[in-house]
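Just so you know, ligand 1 is whichever comes first in the structure, and atom 1 is the first atom listed for that ligand. For this chain, numbers begin at 1 and follow the sequence in order. Remember, predicted model here, so these are calculated numbers, not experimental data.
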Amino acid sequence: MAKMYYNGDANQSYLNGKKVAVIGYGSQGHAHAQNMRESGVDVVIGLRQGKSWEKAEKDGFNVYPVGEATAQADVVMILLPDEMQPKVYKEEIEPNLTNQALMFAHGFNVHFSQIVPPATNDVLLVAPKGPGHLVRRTYEQEAGVPALFAIYQDVTGKAKELALAYAWAIGSLRAGALETTFKEETETDLFGEQAVLCGGLTSLVKAGFETLVEAGYQPELAYFECLHELKLIVDLMYEGGMENMRYSISDTAQWGDFVSGPRVVDARVKESMKEVLKDIQEGRFAKGWILENQANRPEFNAIVQKENSHLIEQVGRELRAMMPFVNKDKKKEVVVSATN
Ligand SMILES: NC(=O)C1=CN([C@@H]2O[C@H](COP(=O)(O)OP(=O)(O)OC[C@H]3O[C@@H](n4cnc5c(N)ncnc54)[C@H](OP(=O)(O)O)[C@@H]3O)[C@@H](O)[C@H]2O)C=CC1
Ligand SMILES: CC(=O)[C@](C)(O)C(=O)O
């Protein structure tokens, strides 16, 4: 087993007296900034004028243009959208670099040479293995999201100490951190989000939903069966593996799992996964994503429109509106129709 790092492995005072500039205040940025502040770290935010700037100010942070935040910091954590990073780095971060440590939460731009850091600075990543809003929510629950960390360049000899102190400050060492490389983090993160977590899962859920609806079953029933219940099943796997989930479901469901699962996700699926991984490893995915953004996202925007109008999304919106507890973190007034 690889070595996992936990709270006791970090020099928790390493960031004392140091200023961390979090560049970006979105999914990851708001979580890192708020968690670090509560861990006693001096945090400033680097942004452009806009909704994030207003939100960060409302959350009590000192917000500066990216260059100014970079210039005053000892550590710069870039939490901008991957496709925005090269331009902002070139125009606003690089000109303000002296000896700051440069940090990322995903290795994409360094690994695919969209950002070439100076040889004079520590360069590292701390990548929580989970959505930013859960990095924040679990921190508040005295828990944390596990993270990967990688050292790309260690000029000071302190890069690993910084990585562990940072992972501690955002709460990830409560769950554990694993050392990796920029290449391994980038390739596995892209693969996981494409073939399993997001791409694979949404395709499977939609296929299941469409199969039931096309066979004449009620869309609401198909939603509950193929999407809503998924969280309940995955929660059991999260808590105790597939064994725990299988313990909790019926033996009928377990038998169905064993005899039908491999028919749905058969050998062809694994072959497709290997092709997806190869596209990532050989840079074809990265090239396509970079070009899509350079062309101002024609395909991306069209697919978003199509996906959001899928029947499963329409049905889901209606059902979730009647289940405000589903989004307990979002304040929703319960609209109780006269017919309820
Ligand atoms: N989302 C996740 O859960 C995870 C993300 N990551 C990585 O974290 C990094 C950040 O991703 P994520 O948090 O999802 O990003 P988001 O899209 O959620 O947030 C991006 C932030 O950057 C700001 N921003 C965008 N463009 C600019 C600009 N030109 N100048 C200044 N600020 C700008 C946005 O502000 P504005 O309001 O102005 O648009 C926003 O605050 C990425 O490298 C990603 O791969 C890693 C693990 C998980
Ligand atoms: C949440 C996460 O880690 C992802 C799916 O890789 C991402 O949002 O980049």
Any atoms of ligand 1 less than 4.0 Å from a non-hydrogen atom of G26? List them with their elements. 18 (O), 19 (O), 21 (C), 40 (C), 41 (O)

Nearest heavy atoms of S27 and P131, plus distance in Å: OG-C, 4.2 Å

Using 0.5 Å steps for rounding, measure from the CD atom of E92 to the CZ atom of R48. 10.0 Å

Could you tell me whether E140 and R137 make a salt bridge, using a distance below 4.0 angstrom between a side-chain N and a carboxylate O? no

Which ligand 1 atoms are under 4.0 Å away from a heavy-atom of V88? 28 (C), 29 (N)

Atom CD of E299 with >12 non-hydrogen neighbours under 6.0 angstrom: no

So, D74 side chain and A101 main chain: donor-acceptor pair closer than 3.5 Å or not? no

Taking NZ, NE, NH1 and NH2 as the nitrogens, is one of them in E38 or R136 under 4.0 Å from a carboxylate oxygen of the other? yes

Judging by distance only, is a nitrogen or oxygen of Q49 under 3.5 angstrom from one on ligand 1? no

Quick check on contacts: which atoms of ligand 1 are under 4.0 angstrom from a heavy atom of K51? 37 (O), 39 (O)

With heavy atoms of Q85 as the reference, note each atom of ligand 1 found under 4.0 Å away. 42 (C), 43 (O)

Below 4.0 angstrom, N of the basic side chain to O of the carboxylate: do K87 and E91 qualify? yes

For K129, which part has a heavy atom under 4.0 Å from ligand 1: side chain, backbone, both, or neither? neither

Among G130, P81, G132, A56, the residue with a heavy atom nearest to atom 20 (C) of ligand 1 is P81

Could you walk me through whether N11 and L164 pass the side-chain contact (heavy atoms from CB on, under 4.5 Å) check? CA-CA 7 Å; N11 169 6; L164 290 172; over 6 Å; no

Just the distances, no angles: every ligand 2 N or O to protein N or O pair closer than 3.5 Å, one line each.
{"residue": "ligand 2", "atom": "6 (O)", "partner": "D189", "partner atom": "OD1", "Å": "3.0"}
{"residue": "ligand 2", "atom": "6 (O)", "partner": "D189", "partner atom": "OD2", "Å": "3.4"}
{"residue": "ligand 2", "atom": "6 (O)", "partner": "E193", "partner atom": "OE1", "Å": "2.6"}
{"residue": "ligand 2", "atom": "9 (O)", "partner": "E193", "partner atom": "OE1", "Å": "3.2"}

In terms of atom number and element, which parts of ligand 1 are under 4.0 angstrom from non-hydrogen atoms of G24? 21 (C), 22 (O), 41 (O)

Relative to the heavy atoms of H106, which atoms of ligand 1 are at a distance of less than 4.0 Å? 43 (O), 45 (O)

Worked check of side-chain contact (heavy atoms from CB on, under 4.5 Å) between I151 and E179: CA-CA 8 Å; I151 312 301; E179 186 163 11; 4.1 Å; yes

Would you mind finding which of I78, L80, D82, V66 brings a heavy atom closest to atom 45 (O) of ligand 1? D82

In terms of side-chain heavy atoms, does E185 have a donor or acceptor partner in H111 at a distance below 3.5 Å? no

Which segment of P128 sits under 4.0 Å of ligand 1 when only heavy atoms are counted: backbone

Exercise: identify the closest heavy-atom pair between F209 and C226: N-SG, 3.7 Å

Contact between S52 and ligand 1, counting heavy atoms under 4.0 Å? yes

Only heavy atoms of S27, strictly under 4.0 Å: list the atoms of ligand 1 that pass. 1 (N), 2 (C), 3 (O), 13 (O), 14 (O), 18 (O)

Is it true that D59 and R37 make a salt bridge, defined as a side-chain N closer than 4.0 Å to a carboxylate O? no

Indicate yes or no: does an N/O atom of R48 lie under 3.5 Å from an N/O atom of ligand 1? yes

Here the pair of heavy atoms bringing A175 nearest to G144 is CB-O, 3.5 Å

